[in-house]
Amino acid sequence: MANGVNALQTAILEHQHEIADALVERGYIVLPNFLPQASAELLYNYASSLPQGEWHLAGVGREQQHTVNTHVRSDEIHWLNPAHPLEALWLEHMELLRVSLNQSLFMGLFDYESHLARYQPGSRYQKHLDAFKGRSNRVLSTVCYLNPEWHDSDGGELVIYGKRGQVLEKIVPRQGTLVVFLSDAFVHEVLVSNRLRLSLTGWFRHNTSSGQRIDPAQ
Ligand code: OGA
Ligand code: MN
């Protein structure tokens, strides 16, 4: 466990400036082999052994608009809870990245929410945005893939589209690849996966609970 933790911290420290630069220049970055193998294995084994009761069908939209539409999206999710040590491992390291991005880009990222996602064979997530301009507190999306030995024929690619609908990237979900992108800037989709596909997805958010003010007076 200790090796996995230290290596993950090193990975963040090594990549933080590259991530910040790419967000400014292009709005997204794809980092193959970001996640050290020991951490990836820990998280993959954990996700693989989570009992069915810990997963639920993902919804589309938030709060009043929240609906489960398996035509658009047929993955299952498990929200991470910092009370669980291995879930905290990922959350704490994304916290390092949050602080770093705030220091270099003044992004005002307030917190991070994250879930494991599980696509059964035949599952997909059709074209969507993770946030709509001015209407969501999701600022930056992260996706990190956990399956070892993913082959091109396994499908499940993440496709990122540009402003004119052109394909910018088609990302094979290989173990350890991290993708970070501005949540309101890129339409994206997950193509049908031919194999059980496990990933960690998360969002750095602005604080919109009280007109952007942190720590409001009680
Ligand atoms: C999402 C999403 C991408 C992926 O969960 O919103 O777009 O590659 N995931 O899993
Ligand atoms: Mn998405």
Side-chain angles (χ1 to χ4, degrees), residues 19 23 27-35 40 43-44 46-48 50 54-63 65-80 87 90-91 94 111-133 135-148 150-163 165 167-206:
I19 294 172
L23 290 175
Y28 74 91
I29 186 167
V30 181
L31 291 167
N33 300 314
F34 167 82
L35 197 61
L43 291 163
Y44 173 76
Y46 176 69
S48 302
L50 261 186
E54 294 286 321
W55 296 96
H56 58 269
L57 271 177
V60 180
R62 289 176 81 79
E63 289 143 21
Q65 285 89 38
H66 189 93
T67 51
V68 170
N69 180 341
T70 52
H71 181 66
V72 174
R73 169 170 199 191
S74 45
D75 57 323
E76 297 161 290
I77 63 175
H78 169 84
W79 285 103
L80 298 191
E87 300 186 8
W90 181 249
L91 294 170
M94 287 297 105
D111 71 358
Y112 180 74
E113 59 178 359
S114 179
H115 61 60
L116 283 163
R118 179 170 83 173
Y119 289 70
Q120 300 284 357
S123 298
R124 62 189 292 200
Y125 191 167
Q126 292 185 11
K127 282 187 190 177
H128 66 280
L129 275 171
D130 284 351
F132 294 94
K133 277 209 162 46
R135 282 183 38 209
S136 166
N137 54 2
R138 289 181 169 178
V139 181
L140 212 52
S141 303
T142 66
V143 194
C144 191
Y145 302 107
L146 300 179
N147 288 83
W150 195 271
H151 301 113
D152 290 357
S153 57
D154 293 328
E157 297 95 339
L158 169 64
V159 186
I160 298 182
Y161 295 92
K163 290 273 175 280
V167 173
L168 292 179
E169 297 279 339
K170 198 168 181 181
I171 301 144
V172 176
R174 289 189 217 290
Q175 187 178 64
T177 297
L178 176 73
V179 186
V180 184
F181 57 95
L182 297 173
S183 302
D184 67 5
F186 300 96
V187 170
H188 55 283
E189 75 177 310
V190 179
L191 303 183
V192 171
S193 184
N194 301 320
R195 180 183 153 191
L196 190 92
R197 175 190 193 269
L198 292 166
S199 60
L200 271 167
T201 306
W203 296 271
F204 291 106
R205 304 187 300 183
H206 277 157

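We count residues from 1, following the sequence as given. Both ligands and their constituent atoms are indexed starting at 1 by order of listing.
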> Does a donor on one side chain and an acceptor on the other come within less than 3.5 Å for E87 and H78?
yes

> With a 3.5 Å cut-off and no angle check, do the side chains of S193 and S123 form a donor-acceptor pair?
no

> Which label fits F204 and Y112: parallel for a plane angle under 30°, tilted from 30 to 60°, or perpendicular past 60°?
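Tilted: the ring planes of F204 and Y112 meet at 30° to 60°.
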
> What N, O or S atom of H128 is found closest to the Mn ion (ligand 2)?
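It is NE2, the N, O or S atom of H128 closest to the Mn ion (ligand 2).
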
> Could you tell me how the ring of W79 sits relative to the ring of H115: parallel (under 30°), tilted (30 to 60°) or perpendicular (over 60°)?
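Rings of W79 and H115: perpendicular, as their planes differ by over 60°.
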
> Hey, is E189 touching ligand 1 through its side chain, its backbone, both or neither, going by heavy atoms under 4.0 Å?
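Looking at E189 and ligand 1, no heavy atom falls under 4.0 Å.
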
> Considering all heavy atoms of both residues, which atom of R138 and which atom of D130 are nearest to each other, and what is their separation?
CD-O, 3.7 Å

> Take the Mn ion (ligand 2) as the vertex and measure to NE2 of H188 and OD1 of D130; round to 10°.
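Vertex the Mn ion (ligand 2), arms to NE2 of H188 and OD1 of D130: 100°.
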
> Between R197 and ligand 1, which part of the residue brings a heavy atom under 4.0 Å of the ligand: side chain, backbone, both or neither?
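It is the side chain that gets close, since no backbone atom is under 4.0 Å.
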
> Should one rank L191, V190, I171, T201 by closest heavy-atom distance to atom 4 (C) of ligand 1, which comes out on top?
V190

> Answer with yes or no whether H128 contacts ligand 1, where contact means a heavy atom under 4.0 Å from a ligand atom.
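Yes, that is the case, since the closest heavy atom of the residue is under 4.0 Å from the ligand.
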
> Which of these passes side-chain contact (heavy atoms from CB on, under 4.5 Å) with L116: I77, L146, D75, L43?
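For L116, the side-chain contact (heavy atoms from CB on, under 4.5 Å) test succeeds with only one of I77, L146, D75, L43, which is L146.
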
> For ligand 1, which atoms, with element, lie under 4.0 Å from some heavy atom of L158?
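So the answer, numbered in order with elements, is 3 (C), 8 (O).
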
> Heavy-atom distances under 4.0 Å decide this one: backbone, side chain, both or neither, for V179 against ligand 1?
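It is neither part, as no heavy atom is under 4.0 Å.
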
> Surrounding CG of N33 (heavy atoms of other residues, nucleotides or ligands, distance under 6.0 Å), is the total greater than 12?
no

> Regarding atom 1 (C) of ligand 1: of the candidates Y125, F186, F181, Y145, which has the closest heavy atom?
Y125

